[in-house]
Number of protein chains: 2
Amino acid sequence: MKQFSIGEVARYGGVGVETIRFYEREGLIAEPPRKESGYRQYTQETVVRLRFIQRAKDLGFSLREIKELLSLRIEPLTDCADIQERAEAKVRDIEGKIQTLQRMKKALANLVASCPGRVPASDCPILDALEGSGAHETPISAIGQRTAKKRPNDRSSMKSTTASRRAGKGANHVPTLPR
Amino acid sequence: MKQFSIGEVARYGGVGVETIRFYEREGLIAEPPRKESGYRQYTQETVVRLRFIQRAKDLGFSLREIKELLSLRIEPLTDCADIQERAEAKVRDIEGKIQTLQRMKKALANLVASCPGRVPASDCPILDALEGSGAHETPISAIGQRTAKKRPNDRSSMKSTTASRRAGKGANHVPTLPR
DNA sequence: CTTGACTCCGTAGTGTACTACGGAGTTTAC
DNA sequence: GTAAACTCCGTAGTACACTACGGAGTCAAG
């Protein structure tokens, strides 16, 4: 059985040497046996696995998700419906991102179209819109990707009352300046 | 002239207190004068500026880009064409992202559709495709967002020969396993 | 033998955009 | 007065996915 060094496996797997060690630390690939020198000795299976990882990344899966897929791959009770469900969830995720990007693009394109070009910046409708001033109110604030960041952090659990109060007002509610 | 504390300006600007200090460190907002206590004293202008930042973020601009827009806003020689050009560039950037996401979605949707559902994972066409095996070759590898990461790092300049050698082979070229 | 490429390790760093902390001082409402 | 909320600061940490380093040992080709 042909043995591969880490450099070889990196080359055939389409990643860097450092990345291999990183994936090992993250549990995406197994630590292989070593030579007396301490050099890692891989088989072709690791190359296959690395290519799986790259392809899954290309489809938008995160390393955590890929790790789960890899586990399911060898789980005896798994059937294809489970994998399918994850792929469907990823499709929905991607669709959401596309929607957000489409909204951004549309708003930006409108701003570009409203711009007469050769006027001073002080009269620029794009800047006016960003400033929230100008003749028409462009609803920029409902466009962006400002979703709550998931922070699975022990320390945040003690501050959850603050988060609850904010959430109750709608995620993007900004108070009006007092006059 | 009404003065605002950092908490007030955060509330009206739609960001957190920590974020304000972060923006100050990054140069997105100016450090304001202080009270004797050391407390920051803001004006309404900072609220306006924070809202500008949020709206620009909603449109997909990075903080660095927003900083530049904010500079252009007060630059006497700027005309609107300059702002327009940046907005157009962002539209193109977003279009590229949408394209990539569409390709991902299509590939995933095809995989989902090819899945019979209730078969063992060992016969799953999704996993087969990710593994690069199976009856038909799905071109996953041309889909993803694997662009070269810009790493403006002094230290990388000494290793540029390695990068050059890799680039010359096409960004996604992976050697074939020897048989 | 020599030299250059490669390998090892654990830490630190990159980029992006925040967020939290600890301990101390200040402000505000009851 | 008291207590809670607020402010300060600089550092460290989050998430994500890598990437580089330094110094020492190993390997392979000339």
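Every chain is numbered from 1, with letters handed out A, B, ... down the list of sequences. Just so you know, these numbers come straight off a predicted model, no measurement behind them.
Whole-Å rounding puts the B:I66 CD1 to C:dC18 C1' distance at 13 Å. When the C1' atom of C:dT7 is taken as reference, atom CD of A:E18 falls 11 Å away, rounded to whole Å. Between the CD atom of B:Q54 and the P atom of C:dC18 there is a distance of 7 Å, rounded to whole Å. A:Y42 has its OH atom 14 Å from the C1' atom of C:dC6, to the nearest Å. Here D:dC6 presents its P atom at 8 Å from CZ of B:R11, a figure rounded to the nearest Å. One atom, CG of A:D93, and another, P of D:dC16, lie 13 Å apart when rounded to the nearest Å. If you take CZ of A:R64 and P of D:dT14, they are 17 Å apart, rounded to a whole angstrom. Protein atom CD1 of B:I6 is 18 Å distant from nucleotide atom P of D:dA5, rounded to whole Å.
Between B:R40 and D:dC8, a side-chain N or O to OP1/OP2 separation shorter than 4.0 Å is present. OP1 or OP2 of D:dT7 has at least one side-chain nitrogen or oxygen of B:S5 nearer than 4.0 Å.
Applying the side chain to side chain donor-acceptor pair (under 3.5 Å) rule to B:S62 yields the partners B:E65; only residues at least two apart in sequence or on another chain are considered. Annotation: side chain to side chain donor-acceptor pair (under 3.5 Å) contacts of A:E88 (sequence neighbours excluded): none. Under the rule for a side chain to side chain donor-acceptor pair (under 3.5 Å), A:D82 has no partner lying at least two apart in sequence or in another chain.
Between B:K105 and A:E95 a salt bridge is recorded (basic side-chain N to carboxylate O distance below 4.0 Å). Classification of B:E45 and B:R51 as a salt-bridged pair fails, no side-chain N sitting under 4.0 Å from a carboxylate O. Of the charged side-chain nitrogens involved, none lies within less than 4.0 Å of a carboxylate oxygen, so that B:R55 and A:E131 do not count as a salt-bridged pair.
Side-chain contact check for B:L50 versus B:Y12: every heavy-atom pair is 4.5 Å or farther apart.
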Under 4.0 Å protein heavy-atom contacts per nucleotide of nucleotides 24-30 of chain C, with B for base, S for backbone only and - for none: -BBS---
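The stretch residues 20-31 of chain B touches DNA chain C through B:F22, B:Y23, B:R25, each having a heavy atom under 4.0 angstrom from the strand.
With A:I94 as reference, B:M104 is the one residue of B:M104, B:K106, B:Q102 to meet the side chain to side chain contact (heavy atoms under 4.5 Å, CB included) rule.
Between D:dA17, D:dC9, C:dC8, one nucleotide has an atom nearer to the side chain of A:L63 than all others, and that is D:dA17.
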Per-pair distances, 0.1 Å, donor-acceptor, side chain in residues 25-34 of chain B, under 3.5 Å, sequence neighbours excluded:
| residue | atom | partner | partner atom | Å |
| --- | --- | --- | --- | --- |
| B:E31 | OE2 | B:R34 | NH2 | 2.9 |
| B:R34 | NH1 | B:G38 | O | 2.9 |

